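To start, the structure itself, in structure tokens.
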Amino acid sequence: MRRLAALTKPQRTRIGVGMMVLGVILLMVAVWWIHWTSFPKTVIESGVEVPYIVGNFNWVPRGWQYKVIGYLAAFAASQLLLAGAAIAWVLNEKMTWARAAFTGLLAWIELVMIFGMVPSEWLNLAQTDLDWSKQKIFLTIPPWLVLGNEASISYANVKDAISMGYHLVMLGVGAVFAYQIQGISKPSTKVEKPKVSPYGRPLVKGGG
């Protein structure tokens, strides 16, 4: 964190703008990729299953695995954009009301991304492409573990458990990040060891 604060203003601007440009390019590619991978592989025509042709981009692979790659790329692009904006225009700058409002907007967008859009897209993927419904059994618990009763865990339960685990982990990550960022501008307390000669004596600069 302190290494970021040690950057000069031109360095921060160059790194931040570069990250945002890369984020915009990656986001455009990710949106295009998600669009074309979302088409079905086959369709039913006159009661017969035939390949679904989507034009010039029919070579793009289709399926939930490839769609997930697009989602991950889009999320990475959003993080590049937000981090780049923070480095270029917030980091080590004098905090004014305008900059505080802009920083709050960046934080709000990040929270919406992490706790809103990501879980929502996960639930959509699990319920549609993966078809993790209550009717699909993930695990049947042996009767002797539940006093002779019949009990099972459906894929819907697994879907909700993953969502809950994700929220708990991200809450912990957010707390750690919020704590660490408090000392980003504080001077380093690391004590540098004095240089010593081959004979073990400290080296000092000689007089003029």
Side-chain angles (χ1 to χ4, degrees), residues 1-39 54-126 128-130 162-163 165-186 188:
M1 287 290 186
R2 292 193 181 95
R3 290 182 179 180
L4 288 175
L7 296 174
T8 62
K9 185 175 179 59
Q11 288 176 324
R12 295 196 305 272
T13 302
R14 186 165 57 250
I15 293 174
V17 172
M19 291 175 67
M20 286 187 289
V21 171
L22 181 60
V24 169
I25 296 173
L26 182 57
L27 184 61
M28 293 171 61
V29 173
V31 170
W32 173 87
W33 180 265
I34 293 171
H35 173 75
W36 290 103
T37 56
S38 298
F39 286 104
V54 292
N56 295 331
F57 297 112
N58 193 61
W59 56 269
V60 178
R62 279 165 271 176
W64 67 267
Q65 303 95 328
Y66 303 103
K67 189 190 294 186
V68 168
I69 294 174
Y71 284 146
L72 293 176
F75 180 74
S78 71
Q79 300 307 292
L80 283 172
L81 286 166
L82 292 172
I87 291 173
W89 298 316
V90 177
L91 182 63
N92 255 22
E93 296 289 344
K94 183 179 179 181
M95 191 56 65
T96 61
W97 283 109
R99 186 167 285 113
F102 177 72
T103 306
L105 176 63
L106 293 181
W108 177 79
I109 294 174
E110 178 71 356
L111 292 174
V112 169
M113 285 289 303
I114 292 177
F115 294 106
M117 298 184 68
V118 171
S120 175
E121 291 302 324
W122 158 246
L123 293 177
N124 287 336
L125 178 71
T128 55
D129 296 76
L130 300 181
I162 292 175
S163 179
Y166 166 82
H167 279 87
L168 292 175
V169 170
M170 294 312 298
L171 281 173
V173 171
V176 172
F177 178 77
Y179 175 77
Q180 292 292 331
I181 204 173
Q182 300 301 316
I184 191 170
S185 298
K186 293 181 180 178
S188 176

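All values derive from a computational prediction rather than experimental measurement.
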Quiz item: So, does Arg99 use its side chain to make a donor-acceptor pair with the main chain of Lys94 at under 3.5 Å?
Solution: yes
Practice problem: Return yes if some donor-acceptor pair links the side-chain N/O of Ser120 with the main-chain N/O of Met117 below 3.5 Å, else return no. | Solution: no
Quiz item: To the nearest 0.5 Å, what is the distance between CH2 (Trp64) and OG1 (Thr37)?
Solution: 12.5 Å
Exercise. Write down the atom of Ala83, the atom of Met19, and the distance for their closest heavy-atom approach.
Key: CB-CE, 3.6 Å
Quiz item: Residues in side chain to side chain donor-acceptor pair (under 3.5 Å) with Gln11, at least two apart?
Solution: Thr8
Quiz item: Side chain of Arg12, backbone of Leu91: donor and acceptor closer than 3.5 Å?
Solution: yes
Practice problem: Begin with the C-alpha distance, continue with both residues' side-chain angles, and end with the deciding distance and a verdict on side chain to side chain contact (heavy atoms under 4.5 Å, CB included) for Val60 and Tyr66. | Solution: CA-CA 9 Å; Val60 178; Tyr66 303 103; over 6 Å; no
Quiz item: Shortest non-hydrogen contact from Tyr166 to Ile114?
Solution: OH-O, 2.7 Å
Exercise. Mind checking the CG-OG1 spacing from Leu123 to Thr128? Nearest 0.5 Å is all I need.
Key: 10.0 Å
Practice problem: Evaluate the side chain to side chain contact (heavy atoms under 4.5 Å, CB included) criterion for residues Glu110 and Gln79: first the C-alpha distance (whole Å), next the side-chain angles of each, then the deciding distance (0.1 Å), finally the verdict. | Solution: CA-CA 8 Å; Glu110 178 71 356; Gln79 300 307 292; 2.7 Å; yes
Practice problem: May I ask you to decide if the ring planes of His35 and Phe39 are parallel, tilted or perpendicular, using 30° and 60° as cut-offs? | Solution: perpendicular
Self-check item: Under 3.5 Å donor-acceptor, Tyr71 side chain and Ile34 backbone
Solution: no
Quiz prompt | Sub-4.5 Å side-chain heavy-atom contact between Leu130 and Trp122 | solution = yes
Practice problem: Quick one: closest heavy-atom pair of Ala30 and Ala74, and the distance? | Solution: CB-N, 3.5 Å
Exercise. Kindly indicate whether the side chain of Ser78, heavy atoms from C-beta on, has any atom under 4.5 Å from the side chain of Phe75.
Key: yes
Practice problem: Classify the ring geometry between Trp36 and Phe57 as parallel (under 30°), tilted (30 to 60°) or perpendicular (over 60°). | Solution: tilted
Self-check item: Working for side chain to side chain contact (heavy atoms under 4.5 Å, CB included), residues Leu125 and Val68
Solution: CA-CA 9 Å; Leu125 178 71; Val68 168; 3.5 Å; yes
Quiz item: Who pairs with Trp33 by ring-ring contact (aromatic ring centres under 6.0 Å, His included), at least two apart in sequence or on another chain?
Solution: none
Quiz item: Can you list the steps and then say if Met170 with Val118 is a side chain to side chain contact (heavy atoms under 4.5 Å, CB included)?
Solution: CA-CA 11 Å; Met170 294 312 298; Val118 171; over 6 Å; no
Quiz item: What pair of heavy atoms forms the shortest contact from Gly16 to Ala88, and how long is it?
Solution: CA-CB, 3.9 Å
Quiz prompt | From CD1 (Ile87) to CG (Leu7), nearest 0.5 Å | solution = 8.0 Å
Exercise. Could you grab the distance from atom CE of Met20 to atom CD1 of Ile25, nearest 0.5 Å is fine?
Key: 12.5 Å
